[in-house]
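Each chain gets a letter, A, B and so on, in the order the sequences are listed, and its residues count up from 1. In this text the structure is predicted, and so the values were computed from the model without any measurement.
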Protein chains: 2
Amino acid sequence: MSKKIYFSTIHQIIKTGHWITDSVSSELKPFDISEPQYNVLRTLNSQQHQPLTVEQIGKQMIQRSSNVTRIIDKLLGKGLVSRKECPSNRRKMDIMITPEGRNFLRELDVKLAQWHSPLLNKLTDEELQTLTRLIRKLRK
Amino acid sequence: MSKKIYFSTIHQIIKTGHWITDSVSSELKPFDISEPQYNVLRTLNSQQHQPLTVEQIGKQMIQRSSNVTRIIDKLLGKGLVSRKECPSNRRKMDIMITPEGRNFLRELDVKLAQWHSPLLNKLTDEELQTLTRLIRKLRK
DNA sequence: GAACTATTATTGTATATACAAATGTTGTTA
DNA sequence: TAACAACATTTGTATATACAATAATAGTTC
């Protein structure tokens, strides 16, 4: 494997990842919410009406609990999530998305769908599968 | 194009990008240098003995000048780069890597080459080219 | 050449994140 | 049960980064 092509490829991967998250951040900016805050909301929403602990959120987001705590502090201040002691284990915290959070998230998702929309047809399903397969192979 | 596959793919891209930069950061940690600081050093070194301005470094790193300034502050404190007013245009700053910086960078590169080494043969040249082509196609 | 504009770097501020340390709760074991 | 270990969250601290504002120099135009 040529080193030159290898380094050029991983550079592309890193750059593209940044491009996507930076773009999402820009779309969210008018709503005064950050991309990590949005991801916490989405994670909570995917659980329907079940709470998640700080640790569980961190696992899903590949984030340290300490940092999840601070993101939740921000969301709490906006009334988008609730946090209360877990009754069965008082070390844990039950974090849930509030109805306001759910409504807000719907707005954000509409906006972001518009950003993703033109990308949806850049690659065929087969190409996407190849892309995913090759990236996974690189890490395996 | 299936939305499900699309979102799974971009998620993979973002995750893999983070995996690479986080791994590089870990390798650099024993040397007490951050990944962005390392990237500035590399950028300066690629210019041989020509200085670069703050803006030029920022362009290459896809970084804002304001943040490049602060990274250079750190490198200055370690004696790895020099910063002086550009004689022909006193708004600009001439940033250069010092001999110590160059030696240090060589050490870092050896260490990082060891990290990349096992990845070099995960994909064939052809697969790498396909990967790069598909990622580029997604953004185009 | 004076007034205005553009360029370049820096500083200020808010958010995110890595890592270490601290706090409080639960589980274990002597 | 008392002492200790493990777990879950939070707080502290340093770095990076986005964005806005500032400062200083250079270029432009009247």
Side-chain angles (χ1 to χ4, degrees), chain A residues 14-15 17-19 21-41 43 51-78 80-81 83-95, chain B residues 14-15 17-19 21-41 43 51-59 61-78 80-95:
Chain A
I14 294 168
K15 242 175 44 179
H18 282 150
W19 171 67
T21 54
D22 290 354
S23 301
V24 168
S25 291
S26 296
E27 296 298 315
L28 294 176
K29 181 154 282 294
F31 295 90
D32 270 315
I33 193 165
S34 69
E35 197 253 351
Q37 286 171 35
Y38 166 71
N39 281 329
V40 168
L41 275 190
T43 301
L52 285 179
T53 66
V54 173
E55 193 181 25
Q56 287 172 321
I57 297 170
K59 278 252 171 58
Q60 289 202 36
M61 293 182 55
I62 318 182
Q63 272 297 327
R64 281 153 186 77
S65 292
S66 58
N67 298 327
V68 172
T69 293
R70 278 179 272 244
I71 293 173
I72 287 167
D73 289 340
K74 304 261 161 61
L75 293 171
L76 264 177
K78 299 175 186 177
L80 301 175
V81 305
R83 171 169 59 192
K84 57 176 200 289
E85 229 174 38
C86 175
S88 64
N89 186 337
R90 291 169 48 224
R91 284 173 298 192
K92 301 186 181 182
M93 286 300 204
D94 278 348
I95 318 289
Chain B
I14 294 167
K15 241 175 45 179
H18 282 150
W19 171 67
T21 53
D22 290 354
S23 301
V24 167
S25 291
S26 297
E27 295 297 316
L28 294 176
K29 182 156 280 295
F31 295 90
D32 270 315
I33 192 164
S34 70
E35 198 254 350
Q37 287 171 33
Y38 166 71
N39 280 330
V40 168
L41 275 191
T43 302
L52 284 179
T53 67
V54 172
E55 193 181 25
Q56 287 172 321
I57 296 170
K59 279 252 171 56
M61 291 181 58
I62 316 181
Q63 273 297 325
R64 282 154 186 77
S65 291
S66 58
N67 298 327
V68 172
T69 294
R70 278 180 272 244
I71 293 172
I72 288 167
D73 288 341
K74 304 262 163 59
L75 293 172
L76 264 178
K78 299 175 187 178
L80 302 175
V81 305
S82 66
R83 171 168 61 191
K84 56 178 200 286
E85 230 175 38
C86 174
S88 64
N89 186 337
R90 290 171 46 224
R91 285 174 299 192
K92 301 187 181 181
M93 286 300 206
D94 278 349
I95 318 290

For [X], which contact category applies under a 4.0 Å heavy-atom criterion: base, sugar-phosphate, or nothing?
X       : value
A:Ser25 : nothing
A:Asn67 : base
B:Glu35 : nothing

Quiz item: Which comes earlier along DNA chain C counting from the 5' end, the contact point of B:Val54 or that of A:Ile71, where each point is its nearest nucleotide?
Solution: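 It is B:Val54 whose nearest nucleotide is closer to the 5' end.
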[atom1] of [X] versus [atom2] of [N]: gap in Å, rounded?
X       : N      : atom1 : atom2 : value
A:Lys74 : C:dT17 : NZ    : P     : 10 Å
B:Leu52 : C:dA9  : CG    : C1'   : 15 Å
B:Ile72 : D:dT17 : CD1   : P     : 12 Å
A:Leu28 : C:dA16 : CG    : C1'   : 14 Å
A:Ile33 : C:dA14 : CD1   : P     : 18 Å
A:Met93 : C:dT23 : CE    : P     : 17 Å
B:Gln56 : C:dT7  : CD    : P     : 15 Å
A:Asp22 : D:dA16 : CG    : C1'   : 13 Å

Within the structure, does a side-chain N or O atom of [X] lie under 4.0 Å from either OP1 or OP2 of [N]?
X       : N      : value
B:Arg70 : C:dT10 : no
B:Gln37 : D:dA16 : yes
A:Arg90 : C:dG24 : no
A:Gln63 : C:dT17 : yes
A:Arg64 : C:dA18 : yes
A:Lys92 : C:dT26 : no

Self-check item: A:Pro87 vs A:Asp94 side-chain heavy atoms within contact, under 4.5 Å
Solution: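 Yes; the side chains approach each other to less than 4.5 Å.
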Exercise. Would you check if A:Ile62 and B:Lys15 make a side-chain contact, meaning some heavy-atom pair closer than 4.5 Å?
Key: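 Heavy-atom side-chain distance check passes, below 4.5 Å.
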Self-check item: B:Pro36 or A:Lys29, whichever maps to the more 5' nucleotide of DNA chain D
Solution: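 Checking each residue's closest nucleotide, the 5'-ward one belongs to B:Pro36.
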Quiz item: More 5' along DNA chain D: B:Glu85 or A:Thr53, using each one's nearest nucleotide?
Solution: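 Looking at the nearest nucleotide for each, A:Thr53 comes out on the 5' side.
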Practice problem: Could you point out which residue of A:Thr53, A:Ile57, A:Leu52 forms a side chain to side chain contact (heavy atoms under 4.5 Å, CB included) with A:Val68? | Solution: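 Considering A:Thr53, A:Ile57, A:Leu52, a side chain to side chain contact (heavy atoms under 4.5 Å, CB included) with A:Val68 is found only for A:Ile57.
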Practice problem: Look up atom CE in A:Met93 and atom NZ in A:Lys84, then write down how far apart they are to the nearest 0.5 Å. | Solution: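 A:Met93 CE to A:Lys84 NZ: 11.0 Å, rounded to 0.5 Å.
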Practice problem: Assess whether one donor atom and one acceptor atom, taken from the side chain of B:Arg91 and the base of D:dG27, lie less than 3.5 Å apart. | Solution: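 Not at all, since no donor on one side and acceptor on the other fall under 3.5 Å apart.
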Exercise. Could you tell me which non-hydrogen atom of A:Arg83 sits nearest to which non-hydrogen atom of A:Thr69, and how far apart they are?
Key: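 Looking at all heavy atoms of both residues, the closest pair is NH1-O, 4.0 Å.
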Run the side-chain donor-acceptor check on residues 23-41 of chain B: report pairs under 3.5 Å with partners two or more places apart or on a different chain.
residue : atom : partner  : partner atom : Å
B:Ser23 : OG   : B:Trp19  : O            : 2.6
B:Ser25 : OG   : B:Thr21  : O            : 3.1
B:Ser26 : OG   : B:Asp22  : O            : 3.1
B:Ser34 : OG   : B:Gln37  : N            : 3.2
B:Ser34 : OG   : B:Gln37  : NE2          : 3.3
B:Glu35 : OE2  : B:Asn39  : ND2          : 3.2
B:Gln37 : OE1  : B:Lys78  : NZ           : 2.7
B:Tyr38 : OH   : B:Asp109 : OD1          : 2.6
B:Asn39 : OD1  : B:Arg42  : NH2          : 3.1

